[in-house]
Amino acid sequence: MVPAVSVTMRGEPKVYASSESGRRSFCCACGTGLFFTNALLEQMGMVQVRIAVLDDPDAIAPKMQVQTADRIGWMRSAHTLPAFERFPT
C-alpha cells in the first residue's frame with residue numbers, strides 16, 4: 001500500500017467494481033492488474049499497487065503478506081517446488 005497521491009501513471013485504467021466498495025484497476029490495452037482500493041483504503045488515502053507493474057519493481061521489497069486466510073492451499077509450500085529461470089526444456 002502506498003499513499004494514493006504518490007501514484008502516477010501513463011494512460012487511464014479500466015476500473016472494475018469487484019465488491020460493494022472494492023475496485024480493481026486494469027490496463028485497458030493488455031488487461032494487467034494495476035491497483036486495488038476500497039472504502040477503508042480511500043479513507044486512509046492509500047491504494048494497493050501491484051509491485052510487478054512498477055517501472056522498477058526491484059526498487060521496493062514487500063514488507064508483508066495480507067489476506068493469507070484466503071491463500072490457495074498449495075501456496076504454503078510453493079517455495080519448495082523446482083524453480084527455472086526460463087521455461088524448462
Side-chain angles (χ1 to χ4, degrees):
M1 291 187 293
V2 298
V5 296
S6 69
V7 176
T8 59
M9 69 179 141
R10 296 178 293 265
E12 197 64 34
K14 175 75 173 165
V15 179
Y16 172 71
S18 58
S19 66
E20 187 175 319
S21 71
R23 284 175 303 291
R24 298 176 188 278
S25 298
F26 300 87
C27 173
C28 293
C30 70
T32 297
L34 303 171
F35 314 110
F36 173 79
T37 191
N38 59 24
L40 179 59
L41 289 172
E42 288 177 355
Q43 287 175 1
M44 296 169 27
M46 303 295 275
V47 62
Q48 290 180 356
V49 178
R50 307 269 178 145
I51 291 175
V53 303
L54 298 174
D55 288 337
D56 183 6
D58 285 324
I60 301 174
K63 295 180 180 171
M64 71 178 80
Q65 297 180 49
V66 297
Q67 298 296 94
T68 58
D70 298 326
R71 180 185 307 186
I72 297 168
W74 53 259
M75 278 300 296
R76 283 185 214 95
S77 61
H79 66 282
T80 66
L81 297 172
F84 301 90
E85 288 188 13
R86 301 284 182 251
F87 195 85
T89 54

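Starting from 1, each residue takes its place in the sequence as its number.
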Report, one line per pair, each donor and acceptor closer than 3.5 Å where one atom sits in a side chain of residues 45-71; sequence neighbours left out.
| from | atom 1 | to | atom 2 | distance (Å) |
| --- | --- | --- | --- | --- |
| D56 | OD1 | D58 | N | 3.4 |
| Q65 | OE1 | R71 | NH2 | 2.8 |

Checklist entry - If Ile, Leu, Val, Met, Phe, Trp and Tyr residues are connected whenever their side-chain heavy atoms lie under 4.5 Å apart, and connections chain through other members, are F36 and V2 in the same group? => result no

Item to check | Contact list for residues 6-15, test side chain to side chain donor-acceptor pair (under 3.5 Å), sequence neighbours left out | outcome: none

Next on the checklist: Run the side chain to side chain contact (heavy atoms under 4.5 Å, CB included) test against F84 and tell me which residues pass, sequence neighbours left out.
Outcome noted: P82, P88

Checklist entry - Is there any side chain to side chain donor-acceptor pair (under 3.5 Å) pair reaching into residues 76-87, and which pairs are they, with sequence neighbours excluded? => result none

Checklist entry - Closest heavy-atom contact between G22 and N38? => result CA-CB, 3.9 Å

Item to check | Nearest-0.5 Å distance, CH2 of residue W74 to CG of residue L81 | outcome: 8.0 Å

Item to check | Pairs satisfying salt bridge (charged side-chain N to carboxylate O under 4.0 Å, His left out), at least one member in residues 25-34, at least two apart | outcome: none

Checklist outcome for this item: Here the side chain to side chain donor-acceptor pair (under 3.5 Å) pairs for residues 20-30, sequence neighbours left out, are S18-R24, R23-E42

